[in-house]
Amino acid sequence: AIVPVTGILGKHLSLLETLCGGFDLDTLNAQCLALMNRADVTTVVFHFNTPGGAAAGVADSAQCMLDLAASGRRLIAYCDEACSGGMWLAAACDEIHCGQSAMLGSISALCAILDESKAVEMEGLQMQVFTDGTLKGAGIEGTSLTPAQRSDIQSRVEHIGSMFKTFMQSRRPALTPESMQGQWFYGDQALQNGLADALHPTLAHCIASLM
């Protein structure tokens, strides 16, 4: 079986979001479950072409892939692009293959919040936020983050980032902390850094070589 994972990762996406380039992790989870019940499928090739996306749901989808592998299937990843959450999913496979110009990695987490408070102030406006929690409302348009809010967001970024890196090291023992700082690698570099197992110019070449 060949399972494409193409687009920006998200969970519970709408039809419009998928039409605009999103990939719904619910689809991946359902495909893994269906393939567990297919006695005629012994090998599953996941074809990745994704820059990653939202963190929510990625760890769970990776677990669904591990469950599929535990059912006796051989899982192979072929990556045109597997970055961030896409790399997390690819690492759930038994083998990772790619072309020499593929892009793999971006092993890290981030959260970006635009501070528009100065622009709002220049327009003569001021956002008033009323809450009974010091961390509630962080990042509301027109406000600046408080030190407590910044610390809270940073701690959660570090939490999911630690989950990501721990999983990667469990699946790819050759990885070093230096190669998991958010940078991505071309295919030949990914091979050198332990992110890939072999190079094949296309998915068809990969399947022909392995099967």
Side-chain angles (χ1 to χ4, degrees), residues 1-9 23 25 28-29 32 35 42-111 157-211:
I2 300 175
V3 177
V5 182
T6 300
I8 300 172
L9 304 178
F23 177 83
L25 293 170
L28 178 61
N29 301 341
C32 288
L35 288 168
T42 58
T43 301
V44 182
V45 180
F46 292 87
H47 184 194
F48 288 94
N49 186 20
T50 172
V58 174
D60 302 304
S61 292
Q63 184 60 54
C64 287
M65 295 173 67
L66 292 176
D67 292 344
L68 177 60
S71 72
R73 274 68 175 183
R74 176 189 183 191
L75 270 56
I76 298 170
Y78 183 80
C79 306
D80 292 317
E81 180 181 5
C83 289
S84 197
M87 189 73 251
W88 194 332
L89 296 176
C93 295
D94 304 306
E95 309 162 41
I96 298 178
H97 302 262
C98 63
Q100 62 182 346
S101 62
M103 299 167 61
L104 288 79
S106 192
I107 303 169
S108 191
L110 69 83
C111 175
V157 169
E158 291 175 358
H159 177 75
I160 193 67
S162 178
M163 287 177 58
F164 187 4
K165 293 175 182 179
T166 298
F167 182 79
M168 291 301 303
Q169 287 186 310
S170 71
R171 301 292 298 174
R172 298 260 135 194
L175 282 173
T176 64
E178 291 74 23
S179 62
M180 296 189 292
Q181 297 301 315
Q183 73 274 49
W184 55 266
F185 302 96
Y186 285 118
D188 57 337
Q189 297 172 320
L191 185 63
Q192 295 169 5
N193 283 279
L195 281 172
D197 299 303
L199 300 179
H200 301 279
T202 68
L203 174 64
H205 283 83
C206 178
I207 293 173
S209 174
L210 298 177
M211 306 299 287

Starting at [atom1] of [X], measure out to [atom2] of [Y] and round the result to the nearest 0.5 Å.
X    : Y   : atom1 : atom2 : value
L9   : L28 : CG    : CG    : 9.0 Å
L203 : Y78 : CG    : OH    : 7.0 Å
L89  : C79 : CG    : SG    : 10.0 Å

Suppose we screen for side-chain hydrogen bond (donor to acceptor under 3.5 Å, both in side chains). Which residues come up paired with [X], at least two apart in sequence or across chains?
X    : result
H159 : none
R171 : none
D60  : none
Q100 : none

Any side-chain heavy-atom pair from [X] and [Y] closer than 4.5 angstrom?
X    : Y    : value
I76  : I96  : no
V45  : V3   : no
T166 : S170 : no
C93  : M65  : yes

For [X], side-chain contact (heavy atoms from CB on, under 4.5 Å) partners two or more places apart:
X    : value
L175 : I107, M168, R172, S179, M180, L195
Q63  : L66, D67
P51  : I8, E81
A55  : I160

By the side-chain hydrogen bond (donor to acceptor under 3.5 Å, both in side chains) test, which pairs, at least two apart or in different chains, include something from [range]?
range            : value
residues 198-211 : H97-H200, T202-H205
residues 43-52   : H47-D80
residues 182-192 : none

Could you report the tightest heavy-atom contact between [X] and [Y], atom names first, then the distance?
X    : Y    : value
C98  : G187 : SG-CA, 3.7 Å
G52  : S84  : CA-CB, 4.2 Å
L35  : A1   : CD2-CB, 3.7 Å
F23  : P4   : CE1-O, 3.5 Å
L25  : A56  : CD1-O, 3.7 Å
C111 : V157 : CB-CG2, 3.7 Å

_salt bridge (Lys or Arg N to Asp or Glu O under 4.0 Å) contacts in which one or both residues fall within residues 87-98, not counting sequence neighbours_ =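 Those involving residues 87-98 are R74-E95.
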*asked:* Evaluate F185 against L104 for side-chain contact (heavy atoms from CB on, under 4.5 Å), listing each step before the verdict.
replied: CA-CA 5 Å; F185 302 96; L104 288 79; 5.5 Å; no
*Can you label the angle between the F164 ring and the W88 ring as parallel, tilted or perpendicular, going by 30° and 60°?*
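Rings of F164 and W88: parallel, under 30°.
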